[in-house]
2 protein chains.
Amino acid sequence: MTTMTKKAAAPKFERIAPDERRARLIAASIACLAKGGIQGFTVDNICHEAGTSRGLITHHFGSKNALLAAAYASIYGKVLDNLDRAETTPQSIDELVDMMFADSFLSRDYLNVWLALWGEIAVNPVLQVEHRKNYALYRERIARAISAFARGQGVTVDSYDVATIVISLVDGLWLEQCIDQSLLSLDRAKDLCRRTLTAVLSA
Amino acid sequence: MTTMTKKAAAPKFERIAPDERRARLIAASIACLAKGGIQGFTVDNICHEAGTSRGLITHHFGSKNALLAAAYASIYGKVLDNLDRAETTPQSIDELVDMMFADSFLSRDYLNVWLALWGEIAVNPVLQVEHRKNYALYRERIARAISAFARGQGVTVDSYDVATIVISLVDGLWLEQCIDQSLLSLDRAKDLCRRTLTAVLSA
DNA sequence: CGTTTTACTATACAACCGTATAACAGTGGG
DNA sequence: CCCACTGTTATACGGTTGTATAGTAAAACG
């Protein structure tokens with residue numbers, strides 16, 4: 001009664017464009033994955049993190065699993081975008097290494113998300129499809145950069161092999177740093193990567 | 001009535017030594033992790049896989065999480081044992097590589113277990129402790145093998161750096177093979193590892 | 001053979017899981 | 001200004017979660 005004056009009656013919820021809402025739910029999903037791994041990826045957690053009610057996941061994505069796939073696509077998309085945005089072909093080993101680690105600035109939380117997703121990919125067909133698509137693009141780009149760089153140096157390499165080595169190495173280093181950050185700093189990881197790349201490319 | 005003859009009255013359950021029962025529950029846990037990742041690691045799944053009732057996990061381990069830690073310890077213990085059992089110091093790059101991949105014969109299922117556990121380590125303090133302990137021992141042993149091998153070749157290296165590189169590379173290669181087995185065969189993984197090791201050790 | 005111990009089963013429990021459903025409310029078109 | 005549309009909430013649902021509890025049964029000990 002007391003507040004019953006006709007004063008614009010504060011809206012009971014925020015109504016925003018579907019795309020924007022989807023983006024927020026994806027962001028919340030990533031936050032949940034970072035905090036609690038795949039087990040933290042629950043409807044309750046996500047919607048609480050996003051500040052919405054539980055119904056929106058179904059409404060905007062159809063299912064929780066579809067949201068997971070969308071989140072994965074979003075993350076990988078950002079990585080690929082960063083790779084595309086990177087200027088030209090790397091002119092030095094250092095630039096090549098920086099390119100490989102361009103996304104790791106996103107901190108430990110971000111790495112935990114990858115780890116959580118990787119564990120799920122192996123047992124989740126929908127994620128598997130999403131992964132395959134993106135990984136192929138990723139390796140393609142890394143291989144191209146390596147190929148261009150090697151050509152500039154007058155060296156010939158099987159760029160796909162080298163790309164696989166470097167990607168695996170970086171993933172492995174991330175893994176270690178992510179699991180126990182006292183073992184490895186970003187600088188040391190870059191250093192080890194540089195060292196390996198130098199050796200492999202000059203062999 | 002018909003079967004009411006006093007014929008030793010088949011026992012209603014199998015009563016075995018606690019150690020043996022724990023081992024079986026751990027084996028069942030690993031099977032569940034392989035099949036469904038960390039989300040497949042549930043009391044119901046594990047006990048059904050082990051052929052027991054649900055009460056035994058609490059009885060023998062105290063909690064599900066303690067069982068998970070025990071399973072991780074068991075897996076890592078097997079890896080370390082295999083490493084110890086390996087003859088002497090590797091005499092060639094090939095032997096070194098074989099040593100690194102000695103456990104991967106345990107197939108894709110086995111790799112899925114690692115992946116599931118890795119994703120959990122980052123967010124599970126109990127697993128984190130277990131991991132740190134075992135990883136230190138693992139790297140120690142790999143570094144020692146590399147050091148001994150390098151000495152035999154008359155090369156001097158920072159064996160810990162090289163160990164970190166190799167372990168990361170192998171983990172990364174496992175990762176890829178595990179996520180999408182169409183990308184990488186064991187032979188090719190070994191080959192890439194051999195190539196990297198050769199390059200790094202001769203630099 | 002009777003007693004004690006404890007491995008084991010069965011069940012109960014509250015909390016949480018993902019999704020389906022219905023009602024509500026903000027927005028744009030007429 | 002009213003209506004249709006749909007983004008949003010609230011709730012209900014059956015099923016599953018991990019653990020605590022109570023009772024059963026098998027083996028060990030005297």
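To find a chain, count down the sequence lines: A is the first, B the second, and so on, and within it residues start at 1.
Taking atom CD1 on A:Ile16 and atom P on C:dA25, their separation rounds to 19 Å, with Å as the unit. Between A:Arg24 atom CZ and D:dG7 atom C1' there is a gap of 13 Å when expressed in whole angstrom units. With rounding to whole Å, B:Asp19 atom CG is found 13 Å from C:dA7 atom C1'. Between B:Leu56 atom CG and D:dA22 atom C1' there is a gap of 15 Å when expressed in whole angstrom units. As a whole-Å value, the separation of A:Ile46 CD1 from C:dG18 P is 7 Å. Regarding B:Glu14, its CD atom lies at a distance of 12 Å from the P atom of D:dA26, rounded to whole Å. As a whole-Å value, the separation of B:Arg21 CZ from C:dT6 P is 17 Å.
Residue-to-nucleotide contacts include a donor-acceptor pair under 3.5 Å from the side chain of A:Arg15 to the base of D:dT6.
In this structure the side chain of A:Ile167 reaches within 4.5 angstrom of the side chain of A:Tyr135, judged on heavy atoms.
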Step-by-step side-chain hydrogen bond (donor to acceptor under 3.5 Å, both in side chains) determination, B:Thr164 to B:Arg139: CA-CA 7 Å; B:Thr164 304; B:Arg139 191 170 67 159; 3.1 Å; yes

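A salt bridge between B:Lys190 and B:Asp94 is absent, with no side-chain N of the basic residue lying under 4.0 Å from a carboxylate O of the acidic one. Looking at A:Glu14 and A:Arg24, a side-chain N of the basic residue comes within less than 4.0 Å of a carboxylate O on the acidic one, giving a salt bridge.
Which of C:dC8, C:dT9, D:dT9 sits closest to the side chain of B:Thr52 comes down to C:dT9.
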task: Quick one, give me the B/S/- string for nucleotides 12-19 of chain D, reading 5' to 3', where B means a protein heavy atom under 4.0 Å from the base and S means that only happens at the primed atoms, P, OP1 or OP2.
output: B----SBB

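The phosphate of C:dC8 has neither OP1 nor OP2 within less than 4.0 Å of any side-chain N or O from B:His59.
Between the side chains of B:Glu120 and B:Tyr72, no donor N or O sits under 3.5 Å from an acceptor N or O. A donor-acceptor pair shorter than 3.5 Å can be found between the side chains of B:Glu130 and B:Asn134.
Contact check of residues 66-75 of chain B against DNA chain D (heavy atom, cut-off under 4.0 Å) returns no residues at all.
Remark on DNA chain C: of its neighbouring residues A:Gly55 and A:Phe13, the 5'-side contact belongs to A:Gly55, judged by nearest-heavy-atom nucleotide.
Under the side chain to side chain donor-acceptor pair (under 3.5 Å) criterion, A:Tyr138 pairs with no residue at all, not counting sequence neighbours.
Summarising the geometry of A:Leu192 relative to A:Leu169, their closest heavy-atom pair is O-CD2, 4.4 Å, with the distance given to 0.1 Å. Of all non-hydrogen atoms in B:Asn112 and A:Ala122, the two that sit nearest each other are OD1-CB, 3.4 Å.
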